[in-house]
Chemist: 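My questions all concern the structure below.
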Amino acid sequence: MSSFGRGLLQVAFALLLRPAIASQALTPYANFSIYSLVPPFNSVFNCNSSCQAEQRKALQLFYNETRGNNWKVSTAWNSLDVSSGSSDNQTHCNWFGISCCSVNNTVQGNGNTCNTPGGVASITLPNNNLDGTLSEDFIAAIEQTMTIIDLHGNSLYGHLPERPVGLDHPWMANLQSFNVARNNFSGPLASLATLSSMMLLDVTFNQLTGTIPQLMGMPYIFTLCLAANQFEGQLPTDWWQPPNLAFFTAEDNNLTGTISGPHFNWSEAVSYTHVPMVLDVSANSITGSIPPGLSYVPIRDLNLAANSLTGTLDGMAGIEALIRVRIDHNQLTGTIPSFSSTSLQGLSLQNNHFSGFIPAQIGSESDLRYFHVGSNVLSGALPESFSTLDQLQVLNIADVAMQHDLNNHNSRGEKLPEWLQFASRQGRQASLQDKMLCLPVVVASTELAALTSITMYPAYFHWQNCICAAGTKQATDANTGWQVCIPYSAVSNATVALSSAFAGTAFAMTAALYVIATRTRLFAKAVAWHKRHVPPGRTVTLVSTDIEGSTALYEWNPRVAAACNDLHDNLLRASLPEFFGYETGTEGDAFLLAFWEPADAVVWAICFQQMLMTGNWDHHHF
């Protein structure tokens, strides 16, 4: 959860812990009634002098077991010698982070209601460098009087407190808030989920395992934060039942299975009431579809992102309380519905398989600020109704098949809706398509000034005002029909392939360059040497040629390969007479040639390589 969200929780919970104005009898929530915001105390316990001494001793034990000498703040914790038997039994109530229940049943320092006069009611030591465990002896000494334990942001480890076997009284019966977020606790949640007075339970960012217990044991629970642990199994089937549960976060765990929802008959649906709720179970492995009964729960913030959900959004389209929705990175299908909520502020549906058009009714969501639907198979154009979304800040329709209607240019001649335009003064910038530079798309109306982030593929505006980056040229993708930018080649693939086939070694290339300058002289000397020393027909020099890689060239492009092969054959046959060579046979693209002497064959081979490199290759073939 973000720091902003956690701040809201703290403020909300602080309001809940204010003294109750009037008590209300506990009603079984099978009747779906809203409970009193402050639970009745289940146990009245008067902590006498013996109890106070025991608690003071337990606090000193806690100090030692959590390396109190390394705490950031430990004011007064070392001011009392526990073994001295001091008569000032409540001296520990002045220690830093400790508050006791006064004789008038209010917690010292904050005025919250308590029902255990004389006892330690609150331990609040967040972010204080505590390092150790919560021992059984420490918990046993304080559990009957505690209402608040806040130890978040430390380095505590071990298991969370467990109810002792054979205990003869309700365990931690008055505990309303337990916050140990951002520690290193391990093991199950277990007993803490059975405390009937619990209103806030925050164990985020620990290493807890096992399943999340059913929530029926915490009828007054208001805030339940279980994120960033290693919980597994299915989400509790009664997650929607505690009527005061306003914040339930279990993101970033190992949850599997499906999400359960209410199954009401008509009378149950009419009587069901619940406070507006935040539900975040993102980044798990939850499967199945969104249950139809979800529309009965007044969810205001819904985050199901990064799971493996399938099916459609029909089960949640009727939630009237929705403000923010994140269901991105799933496998949902169907069309995007028209939501019943009139207060929608954020909608993130990207990376699914939604198809069809964006509903024009979404343009009536006057509070909409974020709209992410990229990486789907949506088509059509942006609804004109979006022109009235004066609160919209982010618009993302990247990686979809949407395109503006070619027959409906705006008044500026742009392939965009009237409320969008190209920012010509900013110059072309890199787009979402590789190597393609386009003018940015910005709003054209001052009423949409809040919309500062627009993300779309150039395909939406039909690549208008786009060019390819240096070293690339525009082409049409055969699969999608989209315009793409492909690299230029200094020499075409076909030319490079054929030239490489005859290139040979670096020595041969060097020799070829030499021959270009001295070709006439070499030829004259070769003929003279031949006439002086070798009678015609006395010896024969055979040369076998082959085009290297010709099979791959034909597989790549048979038409180009055939044209290149014909030009090779014509050049070869035309060069033979000059060097006293004769064609004696062919097989495929290979030739068997005969020369009067080796010198003729060598000079011919060098000169023929040069002829191939400077030949009149017809580039329309490539």
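Numbering of residues begins at 1 and proceeds along the displayed sequence. Given the structure is predicted, the values throughout are model-derived calculations rather than measurements.
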Chemist: Between Q483 and T476, do the side chains contain a donor N or O and an acceptor N or O under 3.5 Å apart?
Modeler: yes

Chemist: Regarding D280 and T249, do their side chains bring together a donor and an acceptor under 3.5 Å, going by distance alone?
Modeler: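 No, because no side-chain N or O of D280 sits under 3.5 Å from a partner of the opposite role on T249.
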
Chemist: Can you tell me which residue among N330, I336, L332 is in a side chain to side chain contact (heavy atoms under 4.5 Å, CB included) with L349?
Modeler: I336

Chemist: Is D238 reaching over with its side chain to a backbone N or O of M216, donor-acceptor style, under 3.5 angstrom?
Modeler: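 Checking the backbone N and O of M216 against the side chain of D238, a donor-acceptor pair under 3.5 Å is found.
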
Chemist: Verify whether one side chain among S411 and E418 offers a donor that lies under 3.5 Å from an acceptor in the other.
Modeler: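 Yes, E418 and S411 have a side-chain donor paired with an acceptor closer than 3.5 Å.
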
Chemist: Could you tell me whether a side-chain N or O of W419 sits under 3.5 Å from a main-chain N or O of T388, the two making a donor and an acceptor?
Modeler: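 Here the side-chain-to-backbone pair does not exist.
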
Chemist: Which heavy atom of C466 sits nearest to which heavy atom of P458, and what is that distance?
Modeler: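 Where C466 meets P458 most closely, the heavy atoms are SG-CB, 3.9 Å.
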
Chemist: Indicate yes or no for a side-chain donor-acceptor contact from N229 to the backbone of N206 under 3.5 Å, with no hydrogens or angles considered.
Modeler: yes

Chemist: Taking the side chain from H372 and the backbone from L395, do they hold a donor-acceptor pair closer than 3.5 Å?
Modeler: no

Chemist: With distance as the sole test, does D399 use its side chain to make a donor-acceptor pair with the main-chain N or O of N376 at under 3.5 Å?
Modeler: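 Checked: no pair found.
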
Chemist: What are the two closest heavy atoms between P213 and A193, and how far apart are they?
Modeler: CG-CB, 3.7 Å

Chemist: To the nearest 0.5 Å, tell me how far T310 OG1 sits from N352 CG.
Modeler: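 The OG1 atom of T310 sits 10.5 Å away from the CG atom of N352.
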
Chemist: Compare every heavy atom of N253 with every heavy atom of Q230, then report the nearest pair and how far apart it is.
Modeler: N-OD1, 3.2 Å

Chemist: Does a sphere of radius 6.0 Å around CD in E320 hold more than 12 heavy atoms from other residues, nucleotides or ligands, not counting ones at 6.0 Å or beyond?
Modeler: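 No, because the 6.0 Å sphere around CD of E320 holds 12 heavy atoms or fewer from other groups.
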
Chemist: Between W240 (side chain only) and T237 (backbone N and O only), is there a donor and an acceptor less than 3.5 Å apart?
Modeler: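 Pair found, side chain donor or acceptor close to backbone of T237.
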
Chemist: Mark yes or no for whether N284, through its side chain, and S282, through its backbone, hold a donor-acceptor pair below 3.5 Å.
Modeler: yes

Chemist: Sequence neighbours left out, what pairs pass salt bridge (Lys or Arg N to Asp or Glu O under 4.0 Å) with at least one residue falling in residues 296-309?
Modeler: D301-R324

